[in-house]
Amino acid sequence: MNRLAFVGTLLREFVAFARANKVWWIVPLVVLLGLIALLAAASQATSPYIYTLF
């Protein structure tokens, strides 16, 4: 639960930064990088199971 609270705080601070400095172009960039990181983490977790299929 502590890690989830940290992620919420981080996102809240990021939105506050984008709002204060008017850099809304950075929001899609960070979202895209987050999705790529999530995909990389998911692929590392499933790779041992994929190799056993072949």
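Predicted model only: the values in this text are computed from it and were never measured.
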Under 4.5 Å between side-chain heavy atoms, chaining through other members, with only Ile, Leu, Val, Met, Phe, Trp and Tyr counted: pull out the rest of the cluster around Ile36, sorted by chain and number.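 Besides Ile36, the hydrophobic cluster comprises Leu32, listed by chain and residue number.
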Only distances under 3.5 Å count here; give the side-chain donor-acceptor pairs of residues 5-17 to other protein atoms, sequence neighbours excluded, each with its distance to 0.1 Å.
from: Thr9; atom 1: OG1; to: Ala5; atom 2: O; distance (Å): 2.9

Evaluate side chain to side chain contact (heavy atoms under 4.5 Å, CB included) for Trp25 paired with Val27, printing each intermediate quantity in order. CA-CA 6 Å; Trp25 58 268; Val27 174; over 6 Å; no
In Å and rounded to the nearest 0.5 Å, what is the CG to CG distance from Leu38 to Leu33?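 These two atoms lie 12.5 Å from each other.
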